[in-house]
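This report refers to the structure that appears directly beneath it.
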Amino acid sequence: LVMLNINTNEKISLKPMTPSGIDAKELKRANYFMRDWRLNEVKPIDPNIILGLLEIQQNARRKGFNPEIQFLSGYRSEATNTMLRKKTNGVAANSLHIQAKAVDFSMPGVPINETILLAKAISIGGVGGYNNFVHIDSGRQRYWGSAA
């Protein structure tokens, strides 16, 4: 799983799975990478989110794309979420980002509609489609925005 955090310019390459299961050290690296960068606050990300991103990226490669995931947002503290709600439309008061169960991302070179289809195909939970990014979460299955 290769990602670039567009907020911090950090890049990460993860191998979250081993033959015996999920690699705890790689998850810890992912947790830091997906932190609330505004407050530098780390919370354990739901491993299903990380595995979902990996599956989306692998499926995009199978379709002939060479995608690097541009990571926009993962865990958000309540303070950050409240600040974003005041500045931006569409930020939920009880967002799954606060529970570290959501991520917003894009894959340059992969059309947004294709990214939405790839996200929906993994049946992880919620998928939201926006103009220039996709939201996935490990909540109940539902679709909104251009993913509806």
Side-chain angles (χ1 to χ4, degrees), residues 1-17 21-61 65 67-108 110-148:
L1 177 61
V2 178
M3 295 187 287
L4 170 69
N5 185 323
I6 67 163
N7 301 298
T8 64
N9 210 32
E10 296 167 302
K11 191 168 185 176
I12 194 167
S13 181
L14 296 167
K15 293 183 181 177
M17 293 299 294
I22 295 178
D23 186 322
K25 286 182 183 176
E26 290 290 273
L27 287 183
K28 189 172 183 177
R29 290 180 60 223
N31 293 338
Y32 180 77
F33 181 84
M34 296 180 168
R35 73 194 178 279
D36 181 334
W37 57 273
R38 290 171 182 90
L39 299 176
N40 206 32
E41 191 173 303
V42 178
K43 186 170 182 175
I45 299 289
D46 182 344
N48 291 313
I49 294 295
I50 296 162
L51 297 176
L53 285 173
L54 176 63
E55 190 173 350
I56 289 167
Q57 190 173 60
Q58 289 173 337
N59 290 342
R61 284 189 187 120
F65 297 105
E68 172 182 81
I69 289 180
Q70 285 195 346
F71 172 84
L72 304 167
S73 182
Y75 167 65
R76 290 197 298 240
S77 66
E78 287 193 39
T80 293
N81 200 70
T82 299
M83 179 271 299
L84 290 173
R85 275 182 56 76
K86 291 177 182 175
K87 285 184 165 183
T88 312
N89 290 335
V91 176
N94 50 354
S95 170
L96 289 175
H97 285 279
I98 297 168
Q99 298 175 38
K101 293 183 176 188
V103 66
D104 298 334
F105 71 99
S106 66
M107 293 189 292
V110 181
I112 204 74
N113 289 343
E114 183 67 29
T115 304
I116 289 167
L117 291 174
L118 290 164
K120 288 170 90 171
I122 65 168
S123 299
I124 189 170
V127 178
Y130 298 87
N131 289 340
N132 56 358
F133 72 93
V134 173
H135 166 104
I136 62 170
D137 64 53
S138 56
R140 62 182 172 73
Q141 197 165 32
R142 66 219 185 282
Y143 307 113
W144 64 94
S146 55

May I ask you to check whether over 12 heavy atoms, not counting those of N40, lie within 6.0 Å of atom CG? yes
Evaluate side-chain contact (heavy atoms from CB on, under 4.5 Å) for M17 paired with E26, printing each intermediate quantity in order. CA-CA 8 Å; M17 293 299 294; E26 290 290 273; over 6 Å; no
Ring centres under 6.0 Å, that's the criterion: do F33 and F71 meet it? yes
Separation of L54 CG from I49 CD1 (nearest 0.5 Å): 13.0 Å
Could you list the residues that satisfy salt bridge (charged side-chain N to carboxylate O under 4.0 Å, His left out) with E41, not counting sequence neighbours? none
Note: I98 and A93 closest approach over all heavy atoms is CD1-O, 3.7 Å
Indicate yes or no: at least one non-hydrogen side-chain atom of H135 is less than 4.5 angstrom from one of W144. yes
Indicate the atoms forming the closest heavy-atom contact of Y130 with I112, along with that distance. O-CG1, 3.6 Å
Between I45 and Q99, does a side-chain contact (heavy atoms from CB on, under 4.5 Å) hold up when you go through it step by step? CA-CA 8 Å; I45 299 289; Q99 298 175 38; over 6 Å; no
Side chains of R35 and T8: closer than 4.5 Å at any heavy-atom pair? yes
Quick one: do D137 and R142 satisfy salt bridge (charged side-chain N to carboxylate O under 4.0 Å, His left out)? Show the steps, please. CA-CA 10 Å; D137 64 53; R142 66 219 185 282; 2.7 Å; yes
Shortest non-hydrogen pair, G52 vs I124, comes out as CA-CD1, 4.2 Å
Assess the residue pair E78 and R85 against the criterion (salt bridge (charged side-chain N to carboxylate O under 4.0 Å, His left out)); give the C-alpha distance rounded to whole Å, side-chain angles, the decisive distance to 0.1 Å, and a yes or no. CA-CA 10 Å; E78 287 193 39; R85 275 182 56 76; over 6 Å; no
How many angstroms lie between atom CD1 of I69 and atom OG of S106, to the nearest 0.5 angstrom? 9.0 Å
Atom CZ of F105 and atom CE of M34: how far apart are they, to the nearest 0.5 Å? 10.0 Å
Just how far is it from atom NE2 of H97 to atom CG of L72, taken to the nearest 0.5 Å? 9.0 Å
Does any non-hydrogen side-chain atom of L4 lie less than 4.5 Å from one of E10? no
Looking at every non-hydrogen atom in both residues, tell me the closest pair between N81 and A92 and how far apart they are. ND2-O, 2.8 Å
Do S13 and V2 come within less than 4.5 Å of each other through their side chains, counting heavy atoms only? yes
Interatomic distance, D36 atom CG to T80 atom OG1 [nearest 0.5 angstrom]: 3.5 Å
Looking only at heavy atoms, what is the nearest atom pair of D104 and R76, with distance? OD2-NH1, 4.0 Å
Measure the spacing between OG of S77 and CG of L84 and express it to the nearest 0.5 Å. 9.0 Å
Looking at side-chain heavy atoms only, is the closest gap between R29 and I12 below 4.5 Å? yes
Could you check L53 against V103 for side-chain contact (heavy atoms from CB on, under 4.5 Å), going step by step and ending with a plain yes or no? CA-CA 9 Å; L53 285 173; V103 66; 4.0 Å; yes
For residues I116 and G129, report the shortest heavy-atom separation together with the two atoms involved. CD1-CA, 3.7 Å
Step-by-step side-chain contact (heavy atoms from CB on, under 4.5 Å) determination, M107 to I56: CA-CA 10 Å; M107 293 189 292; I56 289 167; 3.7 Å; yes
Examine distances only and state if a side-chain atom of Q57 and a backbone atom of P67 form a donor-acceptor pair shorter than 3.5 Å. yes
Beyond-backbone contact of P44 with L27, side-chain heavy atoms, under 4.5 angstrom: no
Do the side-chain N and O atoms of S138 and N48 include a donor-acceptor pair separated by under 3.5 angstrom? no
